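Just so it is clear, the model here is predicted, and its values are computed rather than measured. Side-chain atoms are counted along with the backbone in the values below, which use heavy atoms only and exclude waters and symmetry mates. Just so we're on the same page: letters track the sequence lines, and every chain starts at 1.
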Amino acid sequence: QAFTCVMVSYSRAGKLRNSLQVLNMMQKAGVEPNLLVCNTAVHVLVMANRMEKALRFVERMRLVGITPDVVTYNCLIKGYCNLHRVEDAIDLIVEMPFKGCSPDKVSYYTVMGFLCKDKRIAEVRDLMDKMKDGKLVLDQVTYNVLIHTLSKHQHPDEALKFLREAEERGFQFDKVGYSAIVDSFCKKGDMDRAKEIVNEMFQKGCIPDVVTYTSVVNGLCRVGEVDQAKKMLQQMYKHGCKPNTVSYTALLHGLCRNGNSSEAREMMNMSEEEW
RNA sequence: AUUCUGAUCU
(Lines give C-alpha, C1' and ligand atoms only; values in the text may rest on other atoms or scores of the structure.)
Protein backbone atom coordinates (compact mmCIF):
# COMPACT_ATOMS: atom_id res chain seq x y z
CA GLN A 1 0.00 0.00 0.00
CA ALA A 2 1.37 3.32 -1.17
CA PHE A 3 -0.51 5.21 1.55
CA THR A 4 1.23 3.47 4.41
CA CYS A 5 4.63 4.12 2.86
CA VAL A 6 3.93 7.82 2.75
CA MET A 7 2.66 7.78 6.33
CA VAL A 8 5.72 5.99 7.65
CA SER A 9 8.03 8.33 5.74
CA TYR A 10 6.42 11.40 7.25
CA SER A 11 6.51 9.76 10.65
CA ARG A 12 10.22 9.02 10.38
CA ALA A 13 10.81 12.62 9.43
CA GLY A 14 9.01 13.65 12.59
CA LYS A 15 6.05 15.08 10.69
CA LEU A 16 3.11 13.54 12.50
CA ARG A 17 0.60 16.02 11.15
CA ASN A 18 1.50 15.36 7.53
CA SER A 19 1.43 11.67 8.19
CA LEU A 20 -2.13 11.80 9.50
CA GLN A 21 -3.20 14.05 6.64
CA VAL A 22 -2.73 11.04 4.41
CA LEU A 23 -5.82 9.61 6.11
CA ASN A 24 -7.83 12.68 5.11
CA MET A 25 -6.53 12.44 1.57
CA MET A 26 -7.68 8.87 1.39
CA GLN A 27 -11.12 9.84 2.61
CA LYS A 28 -11.42 12.56 -0.03
CA ALA A 29 -10.29 10.15 -2.68
CA GLY A 30 -13.00 7.77 -1.55
CA VAL A 31 -10.58 5.07 -0.44
CA GLU A 32 -11.79 3.04 2.50
CA PRO A 33 -9.18 2.69 5.23
CA ASN A 34 -8.35 -0.93 5.97
CA LEU A 35 -6.64 -2.65 8.87
CA LEU A 36 -3.15 -2.08 7.49
CA VAL A 37 -3.67 1.65 7.14
CA CYS A 38 -5.22 1.89 10.58
CA ASN A 39 -2.37 -0.02 12.18
CA THR A 40 0.07 2.28 10.48
CA ALA A 41 -1.79 5.25 11.92
CA VAL A 42 -1.61 3.73 15.39
CA HIS A 43 2.07 3.07 14.90
CA VAL A 44 2.67 6.64 13.80
CA LEU A 45 0.81 8.04 16.80
CA VAL A 46 2.69 5.79 19.17
CA MET A 47 6.05 6.78 17.70
CA ALA A 48 5.13 10.39 18.35
CA ASN A 49 4.28 9.48 21.95
CA ARG A 50 0.65 10.44 21.40
CA MET A 51 -0.68 7.56 23.39
CA GLU A 52 -4.08 9.04 24.23
CA LYS A 53 -4.70 9.78 20.56
CA ALA A 54 -3.63 6.28 19.63
CA LEU A 55 -6.10 4.78 22.12
CA ARG A 56 -8.92 6.98 20.81
CA PHE A 57 -8.02 6.01 17.26
CA VAL A 58 -8.35 2.34 18.14
CA GLU A 59 -11.81 3.02 19.60
CA ARG A 60 -12.81 4.70 16.36
CA MET A 61 -11.52 1.71 14.40
CA ARG A 62 -13.94 -0.50 16.32
CA LEU A 63 -16.81 1.91 15.64
CA VAL A 64 -16.30 1.75 11.89
CA GLY A 65 -16.09 -2.01 11.99
CA ILE A 66 -12.34 -2.54 11.70
CA THR A 67 -11.38 -4.98 14.43
CA PRO A 68 -7.96 -4.33 15.95
CA ASP A 69 -5.58 -7.26 15.58
CA VAL A 70 -2.46 -8.33 17.40
CA VAL A 71 -0.37 -5.79 15.50
CA THR A 72 -2.63 -2.99 16.67
CA TYR A 73 -2.27 -4.09 20.27
CA ASN A 74 1.47 -4.58 19.99
CA CYS A 75 1.77 -0.99 18.82
CA LEU A 76 -0.11 0.14 21.91
CA ILE A 77 2.07 -2.05 24.12
CA LYS A 78 5.15 -0.45 22.69
CA GLY A 79 3.60 2.96 23.23
CA TYR A 80 3.02 2.27 26.91
CA CYS A 81 6.58 1.04 27.27
CA ASN A 82 7.99 4.14 25.60
CA LEU A 83 6.19 6.22 28.20
CA HIS A 84 7.51 3.97 30.97
CA ARG A 85 4.00 2.75 31.64
CA VAL A 86 5.06 -0.88 31.76
CA GLU A 87 2.23 -1.75 34.14
CA ASP A 88 -0.32 -0.55 31.59
CA ALA A 89 1.46 -2.58 28.93
CA ILE A 90 1.21 -5.73 31.04
CA ASP A 91 -2.43 -5.01 31.86
CA LEU A 92 -3.12 -4.80 28.15
CA ILE A 93 -1.45 -8.17 27.55
CA VAL A 94 -3.63 -9.68 30.24
CA GLU A 95 -6.80 -8.11 28.83
CA MET A 96 -6.15 -8.94 25.19
CA PRO A 97 -7.66 -12.43 25.24
CA PHE A 98 -10.90 -10.91 26.56
CA LYS A 99 -10.89 -8.56 23.60
CA GLY A 100 -10.72 -11.53 21.30
CA CYS A 101 -7.03 -11.31 20.47
CA SER A 102 -4.36 -13.37 22.17
CA PRO A 103 -0.96 -11.78 22.71
CA ASP A 104 1.83 -13.25 20.61
CA LYS A 105 5.56 -13.50 21.15
CA VAL A 106 6.12 -9.96 19.97
CA SER A 107 3.79 -8.66 22.67
CA TYR A 108 5.97 -10.30 25.28
CA TYR A 109 9.33 -9.49 23.69
CA THR A 110 8.41 -5.83 23.65
CA VAL A 111 7.63 -5.61 27.35
CA MET A 112 10.44 -7.89 28.46
CA GLY A 113 12.92 -5.77 26.54
CA PHE A 114 11.85 -2.67 28.38
CA LEU A 115 11.95 -4.42 31.74
CA CYS A 116 15.51 -5.56 31.04
CA LYS A 117 16.68 -2.00 30.61
CA ASP A 118 15.97 -1.43 34.29
CA LYS A 119 17.05 -4.90 35.37
CA ARG A 120 13.54 -5.78 36.53
CA ILE A 121 14.27 -9.49 36.39
CA ALA A 122 11.47 -10.68 38.66
CA GLU A 123 8.91 -9.08 36.39
CA VAL A 124 10.58 -10.60 33.35
CA ARG A 125 10.21 -13.99 35.03
CA ASP A 126 6.53 -13.31 35.65
CA LEU A 127 6.08 -12.59 31.97
CA MET A 128 7.94 -15.74 30.99
CA ASP A 129 5.48 -17.69 33.12
CA LYS A 130 2.57 -15.84 31.55
CA MET A 131 3.94 -16.69 28.11
CA LYS A 132 3.96 -20.34 28.95
CA ASP A 133 0.42 -20.10 30.33
CA GLY A 134 -0.55 -18.57 27.00
CA LYS A 135 0.85 -21.65 25.28
CA LEU A 136 3.72 -19.70 23.82
CA VAL A 137 7.10 -21.41 23.74
CA LEU A 138 10.18 -19.65 25.05
CA ASP A 139 12.49 -19.69 22.07
CA GLN A 140 15.89 -18.49 21.01
CA VAL A 141 14.56 -15.03 20.18
CA THR A 142 13.15 -14.69 23.69
CA TYR A 143 16.56 -15.27 25.16
CA ASN A 144 18.27 -13.13 22.55
CA VAL A 145 16.05 -10.20 23.48
CA LEU A 146 16.84 -10.65 27.15
CA ILE A 147 20.57 -11.15 26.71
CA HIS A 148 21.10 -8.32 24.25
CA THR A 149 18.96 -5.80 26.10
CA LEU A 150 20.54 -6.61 29.45
CA SER A 151 24.02 -6.43 27.93
CA LYS A 152 23.36 -3.13 26.25
CA HIS A 153 22.26 -1.60 29.52
CA GLN A 154 25.22 -2.74 31.52
CA HIS A 155 23.69 -5.71 33.25
CA PRO A 156 26.11 -8.43 32.11
CA ASP A 157 25.64 -10.66 35.14
CA GLU A 158 21.93 -10.99 34.53
CA ALA A 159 22.52 -11.49 30.82
CA LEU A 160 24.94 -14.28 31.60
CA LYS A 161 22.43 -15.94 33.92
CA PHE A 162 19.86 -16.09 31.14
CA LEU A 163 22.46 -17.41 28.72
CA ARG A 164 23.34 -20.24 31.10
CA GLU A 165 19.70 -21.02 31.62
CA ALA A 166 19.06 -21.10 27.88
CA GLU A 167 22.07 -23.35 27.31
CA GLU A 168 20.76 -25.75 29.92
CA ARG A 169 17.54 -25.87 27.96
CA GLY A 170 19.43 -26.83 24.83
CA PHE A 171 19.68 -23.48 23.09
CA GLN A 172 22.95 -22.58 21.42
CA PHE A 173 24.55 -19.19 21.23
CA ASP A 174 26.98 -17.96 18.64
CA LYS A 175 29.79 -15.45 18.96
CA VAL A 176 27.33 -12.59 18.61
CA GLY A 177 25.51 -13.41 21.83
CA TYR A 178 28.71 -14.04 23.74
CA SER A 179 30.35 -10.92 22.35
CA ALA A 180 27.45 -8.80 23.55
CA ILE A 181 28.09 -10.01 27.08
CA VAL A 182 31.86 -9.61 26.75
CA ASP A 183 31.32 -6.03 25.64
CA SER A 184 29.00 -5.42 28.57
CA PHE A 185 31.61 -6.56 31.08
CA CYS A 186 34.19 -4.42 29.27
CA LYS A 187 32.00 -1.35 29.48
CA LYS A 188 31.64 -1.90 33.20
CA GLY A 189 35.40 -2.19 33.50
CA ASP A 190 35.23 -5.79 34.72
CA MET A 191 37.98 -7.05 32.47
CA ASP A 192 38.53 -10.28 34.41
CA ARG A 193 35.01 -11.44 33.80
CA ALA A 194 35.24 -10.33 30.17
CA LYS A 195 38.33 -12.46 29.64
CA GLU A 196 36.69 -15.41 31.36
CA ILE A 197 33.90 -15.32 28.82
CA VAL A 198 36.36 -15.06 25.95
CA ASN A 199 38.16 -18.15 27.26
CA GLU A 200 34.87 -19.94 27.56
CA MET A 201 34.15 -19.08 23.95
CA PHE A 202 37.30 -20.85 22.84
CA GLN A 203 36.39 -23.91 24.91
CA LYS A 204 33.00 -24.05 23.28
CA GLY A 205 34.37 -23.70 19.78
CA CYS A 206 32.74 -20.34 19.47
CA ILE A 207 35.73 -18.45 18.14
CA PRO A 208 35.96 -14.74 19.00
CA ASP A 209 36.25 -12.46 16.02
CA VAL A 210 37.44 -8.92 15.39
CA VAL A 211 34.35 -7.47 17.11
CA THR A 212 34.92 -9.48 20.28
CA TYR A 213 38.58 -8.50 20.46
CA THR A 214 37.86 -4.87 19.76
CA SER A 215 35.46 -4.81 22.71
CA VAL A 216 38.27 -6.08 24.92
CA VAL A 217 40.78 -3.60 23.48
CA ASN A 218 38.34 -0.80 24.15
CA GLY A 219 37.64 -2.07 27.65
CA LEU A 220 41.32 -2.26 28.52
CA CYS A 221 41.79 1.29 27.26
CA ARG A 222 38.91 2.52 29.37
CA VAL A 223 40.44 1.15 32.57
CA GLY A 224 43.75 2.72 31.63
CA GLU A 225 45.56 -0.50 30.67
CA VAL A 226 46.65 0.78 27.31
CA ASP A 227 49.72 -1.46 27.22
CA GLN A 228 47.52 -4.50 27.69
CA ALA A 229 45.27 -3.22 24.94
CA LYS A 230 48.24 -3.02 22.61
CA LYS A 231 49.17 -6.59 23.46
CA MET A 232 45.62 -7.65 22.81
CA LEU A 233 45.78 -6.26 19.29
CA GLN A 234 48.91 -8.32 18.72
CA GLN A 235 47.24 -11.43 20.11
CA MET A 236 44.45 -10.95 17.62
CA TYR A 237 47.00 -11.36 14.90
CA LYS A 238 48.30 -14.54 16.48
CA HIS A 239 44.81 -15.96 16.48
CA GLY A 240 44.48 -15.14 12.83
CA CYS A 241 42.18 -12.23 13.35
CA LYS A 242 43.17 -9.03 11.61
CA PRO A 243 42.36 -5.79 13.45
CA ASN A 244 40.35 -3.33 11.42
CA THR A 245 39.83 0.42 11.49
CA VAL A 246 37.52 0.18 14.48
CA SER A 247 40.11 -1.79 16.47
CA TYR A 248 42.83 0.77 15.78
CA THR A 249 40.50 3.66 16.50
CA ALA A 250 39.73 2.18 19.90
CA LEU A 251 43.42 1.97 20.75
CA LEU A 252 44.22 5.42 19.37
CA HIS A 253 41.39 6.84 21.42
CA GLY A 254 42.74 5.04 24.46
CA LEU A 255 46.23 6.41 23.92
CA CYS A 256 44.90 9.95 23.64
CA ARG A 257 42.68 9.66 26.69
CA ASN A 258 45.61 8.44 28.73
CA GLY A 259 47.81 11.37 27.79
CA ASN A 260 49.83 9.58 25.17
CA SER A 261 48.72 11.36 22.05
CA SER A 262 52.28 11.50 20.71
CA GLU A 263 52.37 7.74 20.52
CA ALA A 264 48.98 7.80 18.85
CA ARG A 265 50.34 10.20 16.28
CA GLU A 266 53.32 7.92 15.62
CA MET A 267 51.02 4.95 15.21
CA MET A 268 48.99 6.73 12.60
CA ASN A 269 52.08 7.43 10.56
CA MET A 270 53.14 3.80 10.60
CA SER A 271 51.98 1.21 8.15
CA GLU A 272 50.17 -1.84 9.46
CA GLU A 273 53.15 -4.06 8.59
CA GLU A 274 55.77 -2.20 10.59
CA TRP A 275 53.48 -1.93 13.58
C1' A B 1 9.97 0.70 11.21
C1' U B 2 4.79 -3.79 15.53
C1' U B 3 9.70 -7.85 18.19
C1' C B 4 15.87 -10.00 18.66
C1' U B 5 20.61 -9.87 15.97
C1' G B 6 27.67 -7.78 19.26
C1' A B 7 32.81 -3.31 18.76
C1' U B 8 35.52 2.60 18.12
C1' C B 9 34.60 7.75 16.95
C1' U B 10 30.53 10.79 15.51
Side-chain angles (χ1 to χ4, degrees), chain A residues 4-14 19 35-36 38-48 54 58 68-82 89 92-93 101 103-114 116 127 131 136 138-153 156 159 162-163 166 171 173-187 194 197-198 201 206 208-222 229 232-233 236 241 243-257 264:
Chain A
T4 62
C5 281
V6 177
M7 290 177 72
V8 169
S9 299
Y10 273 127
S11 169
R12 279 193 220 172
S19 183
L35 184 58
L36 174 64
C38 287
N39 280 346
T40 306
V42 174
H43 174 240
V44 160
L45 287 165
V46 157
M47 284 319 199
V58 172
D69 69 354
V70 69
V71 175
T72 321
Y73 288 113
N74 287 346
C75 286
L76 294 178
I77 288 168
K78 182 165 188 134
Y80 279 132
C81 289
N82 285 339
L92 183 52
I93 286 185
C101 178
D104 65 1
K105 287 178 184 176
V106 176
S107 321
Y108 285 97
Y109 296 156
T110 304
V111 181
M112 291 195 302
F114 275 87
C116 284
L127 281 177
M131 263 182 92
L136 292 169
L138 296 181
D139 61 5
Q140 183 88 46
V141 179
T142 317
Y143 283 105
N144 282 346
V145 172
L146 300 179
I147 288 166
H148 283 280
T149 314
L150 286 167
S151 297
K152 186 178 284 188
H153 291 84
F162 278 116
L163 182 133
F171 293 105
F173 290 88
D174 59 7
K175 62 188 177 188
V176 176
Y178 279 103
S179 297
I181 298 179
V182 169
D183 184 58
S184 193
F185 278 122
C186 288
K187 292 256 161 66
I197 306 293
V198 172
M201 288 173 72
C206 189
D209 65 6
V210 60
V211 176
T212 323
Y213 286 116
T214 303
S215 284
V216 177
V217 168
N218 185 40
L220 288 167
C221 287
R222 287 165 75 117
M232 182 56 62
L233 273 183
M236 286 174 68
C241 179
N244 60 19
T245 316
V246 177
S247 325
Y248 288 118
T249 307
L251 180 60
L252 288 170
H253 196 237
L255 283 168
C256 293
R257 250 190 326 214

Evaluate the criterion side chain to side chain contact (heavy atoms under 4.5 Å, CB included) for residue pair A/Asp209 and A/Thr212; output intermediate values, then yes/no.
CA-CA 5 Å; A/Asp209 65 6; A/Thr212 323; 3.1 Å; yes
Side chain to side chain contact (heavy atoms under 4.5 Å, CB included) between A/Asp104 and A/Ser107: does it pass, once the steps are laid out?
CA-CA 5 Å; A/Asp104 65 1; A/Ser107 321; 2.9 Å; yes
Hey, mind stepping through A/Leu35 and A/Thr72 against side chain to side chain contact (heavy atoms under 4.5 Å, CB included) and telling me if it holds?
CA-CA 9 Å; A/Leu35 184 58; A/Thr72 321; 4.3 Å; yes
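Of the N and O atoms on the side chains of A/Thr142 and A/Asp139, at least one donor lies less than 3.5 Å from an acceptor on the other residue.
Heavy-atom contacts from other residues, nucleotides or ligands closer than 6.0 Å to CZ of A/Phe171 number more than 12.
We find that CG of A/Leu233 is positioned 18 Å from P of B/A7, with the value rounded to whole Å. Distance, A/Tyr143 OH to B/C4 P: 18 Å, rounded to whole Å. Here B/U10 presents its P atom at 11 Å from CG of A/Asn218, a figure rounded to the nearest Å. Regarding A/Leu251, its CG atom lies at a distance of 14 Å from the C1' atom of B/C9, rounded to whole Å. A/Asn82 places its CG atom 12 Å from the C1' atom of B/A1, with the value rounded to the nearest Å. For the pair A/Arg12 CZ and B/A1 C1', the interatomic distance rounds to 6 Å; values are reported in whole Å. Regarding A/Met112, its CE atom lies at a distance of 13 Å from the P atom of B/U5, rounded to whole Å. When rounded to the nearest whole Å, the span between CG of A/Asp209 and P of B/U8 equals 14 Å.
Distance from the side chain of A/Val246 is smallest for B/U8 among the nucleotides B/U8, B/C4, B/U2. Comparing B/A7, B/G6, B/C9 by their closest approach to the side chain of A/Asn244 singles out B/A7. Listed candidates were B/G6, B/U2, B/U3. Nearest to the side chain of A/Val145 is B/U3. Among the nucleotides B/U5, B/A1, B/U8, the one closest to the side chain of A/His148 is B/U5. Taking only side-chain atoms of A/Val210, from C-beta outward, the nucleotide of B/A7, B/A1, B/U3 with the closest atom is B/A7. Of the candidates B/U2, B/U8, B/U5, B/U2 carries the atom nearest the A/His43 side chain, counting heavy atoms from C-beta on. Nearest nucleotide to the side chain of A/Lys78, out of B/G6, B/A1, B/U3: B/U3.
Taking the C1' atom of each, B/U10 and B/U5 are spaced 23 Å apart, rounded to whole Å. Straight-line distance between the P atoms of B/G6 and B/A1: roughly 14 Å, to the nearest whole Å.
Using a 4.0 Å heavy-atom criterion, one finds that A/Val71 contacts the bases of the nucleic acid, with or without backbone contacts as well.
A/Thr212 contributes a side-chain N or O that forms a donor-acceptor pair with the base of B/G6 under 3.5 Å.
For A/Lys187 and B/U8, the shortest distance from a side-chain N or O to OP1 or OP2 is below 4.0 Å.
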